[in-house]
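Worksheet: one structure, shown below.
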Amino acid sequence: MQNKYNLEGPQGTKPRKRLSGTNIMLYGTLLVVAFYYLLPLYVMVTTSLKGMPEIRAGNIFDLPVDITFEPWVKAWSTACTGLNCDGLSRGFWNSVSILVPSVALSIAIASVNGYALANWKFKGSEVFFTILIFGAFIPYQVMLYPIVILLREVGLMGSLWGLVVVHTIFGMPILTLLFRNYFTSLPDELFKAARVDGAGFWGIYFQVMLPMSLPIFVVAMIIQVTGIWNDFLFGVIYTKPDIYPMTVQLNNIVNSVQGVKEYNVNMAATLLTGLVPLIIYFASGKLFVRGIAAGAVKG
Amino acid sequence: MTSTSSVSIKHLDLSFGAVEVLKDLNLEIANGEFLVLLGASGCGKSTLLNCIAGLLDVTGGQIHIKGENVTWAEPSERGIGMVFQSYALYPQMSVEGNLSFGLKNAKLPKDEIKKRVQRAAEVLQMEDLLKRKPAALSGGQRQRVAIGRALVRDVDVFLFDEPLSNLDAKLRADLRVEIKRLHQQLHNTMIYVTHDQVEAMTLADRIAIMKDGLIQQLASPSEIYNKPANKYVADFIGSPSMNFFLGAVNTDGAPTFETAGQTIPLTGYEFVSSPAAGNAWMGIRPEHIVVGEAAEASDFKIDTSVEIVEPMGSDTVVWCEVMGERIRIRIDGQSSVEPGDTLRIGFDAARLSLFEKTTESRI
Ligand SMILES: Nc1ncnc2c1ncn2[C@@H]1O[C@H](COP(=O)(O)OP(=O)(O)OP(=O)(O)O)[C@@H](O)[C@H]1O
Ligand SMILES: [Mg+2]
């Protein structure tokens, strides 16, 4: 670079060494960790694309010689899951019909909760909030059986809506906390201005707060979608076989004791089940990070 | 009484839990008056404004607006408009949306809303901004929208909570004039909170100086400046602030003030009641101390030596030590004074302020 002003000594941008010790350590560690996490995925993908003879040959790290999508088709439509043999497709649609109402309901309720707790301080609101947060720390196992009794009493045991209610309730503490913190971080004067402008509880919620809260709704959605989609325990306990969610069916396929173990089908089935959270993640990864930061620092 | 007063606050108490912020506060604000609330940070100005607006539930007392008891009324029912320090514009709505939000909530007919928004936009000169979002506006424009939002509601009382403190000095001066013009145009009652003395002095019909939730003095700007009710007010108003000397009033014969061996004649000083002897503070504003020929003609004159000189362009502040106190003197910006110079200064008894030593109230 031309020294325009005849200055001596250090000047301008400080040069950075690319191959410094720190950098080698940093990238080395990152590479090892990435490898550690990607290897199983690699094995799963390649295995799911192999035929059984290739698998029996035993080289699990080899790339498939004859690529076949047969295992994927079988996993989706004909694999046997206990009683019926129509693959994971049934479980997929069961999961979708559990997921959509659960996510919608839990987010709708939690956001209103959070908004009320943040902006409409009522008598005992702090106590209410504390109790709710405490709920997040009670282990699930303690509540499993009482909920069975409760659901039986109201006639929802074994039904899809029973499971929706369970998911909604269990999502409540963490989601309410998330929304309350987000709404608290929004400027207080905005809420006051809306009150002076004559907007009521719902008016402020829908017209002032909601339009400002897209990032936190995305965060809540990701948390709920992944959580509910990956749920196994509640699904197996509170529903019946014909409305088992996908995770339960996956388990039934993988752990079926009849016949040979079809590793390729199992791998394909597992990948299929994991696909939904994965897609949600990639689709909204940016918003997710932004939403977390928005909730933590400032609106 | 209530027929002419626009806002009247009676025995207002407000506490946050155990913290008493406002204590038995009484205030009568006349129709069309511009009242400025001035006070140090944390003295309860915003709290008082929020009480008037109905954004805080009062602990005790009453608030009347336009003769109506609104102590329990919703903010929107009180006939007030409020402008916030942080503008508090709805970020997802256009300027037009911001202006019309309150009107829509009040369920006004569409053409009436349009008319009012149009008129507010004209008054505030922002007709071409109506379609923009707040993020696309400058600070001054945002504040104008915030004022406009109060304007469209056609209210009797405007509440401003430090509306200009987020703006730079130049813009602040511009908008200050605009607010004054607005008041002259609309003749609304305005209650205006500020930290800024200049804003207070230039805008107010009356200023209320607050300290710890109590109103120290409520009077016109000139009275507050010339006859501060106590030492706190005297110290708070004026920049640079007033010089104080501790001494004693002597009433043997003509009243005098004695400090550090000097006797200052008080003939010409307007005592609140008949002069009484006793320890007291004597205050004199830097701009009321004169030099040169004027000093010779003053009631009291003395020689000092200059310590520090701060030229500010239009005037110069000189620091020197007199009668055991370090004082500030404001003199013409063109006079040439150097540190170490001997300066003859003087002041008139009529310009003084005397405060009783313990109660610190004016005597
Ligand atoms: N929600 C609250 N809970 C407890 N104390 C509060 C609350 N809000 C305000 N206070 C206290 O009340 C006092 C007055 O606050 P206020 O906001 O009215 O001050 P202010 O005069 O407007 O100050 P500033 O000029 O800094 O805006 C302060 O001491 C503050 O700490
Ligand atoms: Mg304030």
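Chain A is the first sequence line, chain B the second, and so forth, proteins listed ahead of strands; every chain is numbered from 1.
Residues B/S76 and A/G198 approach most closely at CB-CA, 3.2 Å, considering heavy atoms. When all heavy atoms of A/R195 and B/E74 are compared, the closest pair comes out as NH2-OE1, 3.3 Å. Between A/D197 and B/N105, the closest heavy-atom pair is O-ND2, 3.2 Å.
Annotation: maximal heavy-atom pairing with chain A below 4.5 Å, among B/S86, B/G81, B/A53, occurs at B/S86. Contacts with chain A were tallied for B/P91, B/A150, B/G97; B/P91 has the most, counting heavy-atom pairs under 4.5 Å.
When heavy atoms are compared at a cutoff of 4.5 Å, B/Q85 approaches chain A by way of both its backbone and its side chain. B/L89 touches chain A through its backbone: at least one of N, CA, C or O sits under 4.5 Å from a heavy atom, while the side chain does not.
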Run the numbers on B/R149 and A/V196 for side chain to side chain contact (heavy atoms under 4.5 Å, CB included), then give the verdict.
-> CA-CA 10 Å; B/R149 199 166 53 181; A/V196 173; over 6 Å; no
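Atom CD of B/E68 sits in a sparse spot, with 12 or fewer heavy atoms from other residues, nucleotides or ligands closer than 6.0 Å. Within a 6.0 Å radius of CG in B/D57, other residues, nucleotides and ligands contribute 12 heavy atoms or fewer. Counting non-hydrogen atoms of other residues, nucleotides and ligands closer than 6.0 Å to CH2 of A/W120 gives a total above 12. Surrounding CD1 of A/I174 are at most 12 heavy atoms belonging to other residues, nucleotides or ligands under 6.0 Å away. The environment of A/Y27 atom OH is sparse: at most 12 non-hydrogen atoms of other residues, nucleotides or ligands sit within 6.0 angstrom. By the 6.0 Å contact criterion, CZ on A/F122 is enclosed, its count of non-hydrogen atoms from other residues, nucleotides or ligands being greater than 12. Around atom CZ of A/F134, no more than 12 heavy atoms belonging to other residues, nucleotides or ligands sit under 6.0 Å away.
B/F101 places a side-chain heavy atom less than 4.5 Å from the side chain of A/V208.
Atom CE of residue A/M212 and atom CE of residue B/M93 lie 10.0 Å apart, to the nearest 0.5 angstrom.
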